[in-house]
Structures are given as C-alpha cells and as structure tokens.
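Predicted model only: the values in this text are computed from it and were never measured. All heavy atoms count here, side chains included; hydrogens, waters and symmetry mates do not.
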Amino acid sequence: MNIKDALIDRVICHHFSSDVTKCIVNNAEMNLQDENQEILKEFFLKPFVNKKNEFAFSHHVDIRYNVAYQIILSMFQGAEFSQSSVSLFKHLQAISTSPTIKDGDVFIVKVEDILINNTYYEGIGIVKIETKKEFIETTIDPQGELHINIKKGFSANKIDKACLVIFTEHTPKVLIIDNSKDTKFWKDDFLGVIPCNNSYNNSHNIIEVFTDFVVNKLGKENQLPKSEQVHIINRCNEILLNAEEANLTEISKLVFQDKEYEKLFLEYKEEYESKTGNSIADQFEIDKKAINIHKATRCIKLDDTAELHLYKTGSFIERGFDESKNMYYYKLFFSIEK
C-alpha cells in the first residue's frame, strides 16, 4: 500500500464516553487545508502501511445484517458523510457495554487515491484514541513576545483502535489496529470482521499457533525446558522458510518428531481456531514475509542474572543439573567470540 498520492478528503470527530451524558455527537467536519495533508496522512494512514493481516466483513446470518459494513458501504456509494459518521458512532455506542471500554475521541475519515498494485482506491478510516499526550507549544504574539504553553493532543503512535476499509474492485480490504486486550469488542462486536483466507494470514496464523502450543502447552503444562522449546520453534521456522507450500499434517510431523506432541498439537490447533476465530487451512501457499518469530520467544531468562538469545539451536548447547550446587546450568560451545 502506497499513500504518497493519497488525499484526506473529509474528517469528522465524535467523543465517546461510558457516561452517555458526556458523549458528544459532532456535525461539523474538520476544515481541511492543503498544507496539513502530510500531517493528516502521517496520523490517519501511515500506521496502516505495514499492516499485512487483512480482514473481511462477515455475519453469521447474512452480510446485510453487519451494521458497520452497511454504513461504510453506503458512505462509499455516496451517502451523506456527516450523517453516516453519526450512524457509525451510534453503532459504536450501542455495542460499548463492557466496563473495560475506555472513553476516547473517534475520528472518521474519507480517503482518496490509496495506491495498491498500480491502482488507486478510496477508503474509509475509523480511529479511536483513548490517551492524550502532553506537549509543549511555543507561540509569538503580535508584540514579538514568546509564550510557552503545555497542551494535550494526539500522537499517531498512541492509536488504541483503528480500521481502514479500502474499496478494491473485489471485496473491501480491511486493515486493523487494536492495541487493547479486548480484541473481541473492536473486531467482532463493532466491525464484524474475520481474517481473510489468504497466504499471508494462513502463514502468520500457523507460526503463531505453533509458537503458542510450544510455549503454553509444552512449556507451561508439560514442563519442557526452554532450550527445547526454542529448538522446536526454530525448527518450525526453518521448515516453513524452506517450503513453498504448507501441508499441516506433514509439517507437524517434521517439527515435533514425536507422535504424542503431534497429536497434542492438532488438538491444540482446533482449540486455537475456536478461541481466536482464526481458521488455519490444512494446505496453503507460504508467504515468507509472514514467517516472523518474536525475539522474546527465543530468549531464555536465567534467574535475574543473564539471558540467552538462541537464533539457532543444536549440539552447541547442553543443559544439565549440578548436584553439588543444586542448580541447573547451560553449557555453550563456540568457535569464535564476536
């Protein structure tokens, strides 16, 4: 996605509060000026540029009953922008029933000329920000005096929840930002989206479920040593990076090399799909860009004194127990110290 030529066409902001009397429904759009376009793009669009996980609108009965989709679609088809934004905001209000949902400002944005694969598309963005950041502003008055004020405002890296809906020639492409723990509220209740069944999402989900299984099931429940966990995760990473297509049954055999672990993994995969709503295909093309192991997963913390980061595993590391000291140890072999 390229936003170099993109234009923020319309912006409106409403204020949400769990106290209904403090909610503000706004009918006045932001007065846009050409010189502010780069700032607005930095704020509303740049956070989505590197987002690869794509979602699609859905509904368990029929897409016609997905409220957010129908409102956003009507905006794309020419419905009055301000009134449509109020409808979206009221929908957000209606499903914001959990006490954990925080107050915040809700921006609704219309965007033109988003470039994807040499084609320009329109988009609708929704951004909810719950935290304001303090900053220092300096101004010069007509007498030439310099004044310093502390104000509160928004920062693009403090976006709590957001989505960008891009209207391609096929189905709308939905990109999501959700930095809260309550992902069900934003993705499921408000937007009603599910992950797209494409190579990137499938590749991302498979590495995630392998990692979750090794860390949570084998590590926490079965007490598998951390070095063995890292070894399995690294083997999974290597297998996926060297394959063009993924066959889940075959890859699980290669990764675990243990029938009991393999059986446990396939059961865990079903639980993962049910819990997260992320369905993993049994066979799919691998997108190498989605194969990314988090650094923390490869880190072995030894009490409060040291950390080992194992990007490769093998015979160069040994784990043991010293009875005289009544402590575990790791022994590392290497050729060159860098």
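The side-chain heavy atoms of Thr139 and Ile148, taken from C-beta on, include no pair separated by under 4.5 Å. The shortest side-chain heavy-atom distance between Ile232 and Val255 falls under the 4.5 Å cut-off. Residues Asn242 and Leu240 fail the side-chain proximity criterion, which asks for heavy atoms closer than 4.5 Å. Looking at heavy atoms from C-beta onward, Phe44 lies in side-chain contact with Val11 at the 4.5 angstrom threshold.
The distance from the OG atom of Ser17 to the CD1 atom of Ile101 is 12.0 Å, given to the nearest 0.5 Å.
Residue pairs meeting the side-chain hydrogen bond (donor to acceptor under 3.5 Å, both in side chains) criterion with at least one member in residues 73-82: none, sequence neighbours excluded. Among residues at least two apart or in separate chains, ring-ring contact (aromatic ring centres under 6.0 Å, His included) pairs with a member in residues 73-104 are His14-Phe89, Phe76-Phe167, His91-Phe190.
Ile239 and Leu266 end up in the same hydrophobic cluster when Ile, Leu, Val, Met, Phe, Trp and Tyr side chains are linked at under 4.5 Å. Grouping the Ile, Leu, Val, Met, Phe, Trp and Tyr side chains by contacts below 4.5 angstrom, directly or via other members, places Phe57 apart from Tyr65. Note on Leu88: it clusters hydrophobically with Leu73, by side-chain heavy-atom contacts below 4.5 Å among ILVMFWY residues. Linking ILVMFWY side-chain heavy atoms closer than 4.5 Å, directly or via other members, places Val49 and Val109 in a single hydrophobic cluster. A chain of hydrophobic side-chain contacts below 4.5 Å, direct or via other Ile, Leu, Val, Met, Phe, Trp or Tyr residues, connects Leu241 to Phe284.
Under 4.0 Å is where a charged nitrogen must lie from a carboxylate oxygen, and between Glu260 and Lys263 no such pair does. With respect to Lys187 and Asp178, no salt bridge is recorded, no charged nitrogen being found less than 4.0 Å from a carboxylate O.
With sequence neighbours excluded, the residues satisfying side-chain contact (heavy atoms from CB on, under 4.5 Å) with Lys102 are Glu130. Evaluation of the side-chain contact (heavy atoms from CB on, under 4.5 Å) rule for Asp322 yields Ser324, Lys325, Tyr329 as partners, not counting sequence neighbours. Among residues two or more places apart in sequence or in another chain, the side chain to side chain donor-acceptor pair (under 3.5 Å) test is passed with Lys110 by none. Here Glu29 pairs with Arg10 under the salt bridge (charged side-chain N to carboxylate O under 4.0 Å, His left out) rule; sequence neighbours left out. Under the salt bridge (charged side-chain N to carboxylate O under 4.0 Å, His left out) criterion, Lys46 pairs with Glu42, not counting sequence neighbours. Residues meeting the salt bridge (charged side-chain N to carboxylate O under 4.0 Å, His left out) test with Glu270, sequence neighbours left out: none. When the side chain to side chain donor-acceptor pair (under 3.5 Å) test is applied to Thr21, the partners found at least two apart in sequence or on another chain are Asp19. In this view, Asp62 and Arg64 satisfy the side chain to side chain donor-acceptor pair (under 3.5 Å) rule, not counting sequence neighbours. Not counting sequence neighbours, the partners of Glu54 by the side chain to side chain donor-acceptor pair (under 3.5 Å) test are Lys173.
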Under 3.5 Å, which donor-acceptor pairs do the side chains of residues 206-216 form with other protein atoms, sequence neighbours left out?
from, atom 1, to, atom 2, distance (Å)
Glu208, OE2, Tyr272, OH, 2.5
Thr211, OG1, Ile207, O, 2.8
Asn216, OD1, Lys220, NZ, 3.4
Asn216, ND2, Asp212, O, 3.3

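Under the 3.5 Å distance criterion, with hydrogens and angles disregarded, a donor-acceptor pair is assigned to the side chains of Glu169 and Tyr121.
Between Tyr261 and Phe256, the ring-plane angle classifies as perpendicular under the 30° and 60° cut-offs.
The neighbour count for Glu238 CD, taken as heavy atoms of other residues, nucleotides or ligands under 6.0 Å away, does not exceed 12. Lys301 NZ: 12 or fewer foreign heavy atoms inside a 6.0 Å radius. Around the CD atom of Glu250, the shell of radius 6.0 Å holds more than 12 heavy atoms that belong to other residues, nucleotides or ligands. The environment of Glu323 atom CD is sparse: at most 12 non-hydrogen atoms of other residues, nucleotides or ligands sit within 6.0 angstrom. By the 6.0 Å contact criterion, CG on Asn117 is open, its count of non-hydrogen atoms from other residues, nucleotides or ligands being 12 or less.
Summarising the geometry of Phe48 relative to Leu175, their closest heavy-atom pair is CE2-O, 3.6 Å, with the distance given to 0.1 Å.
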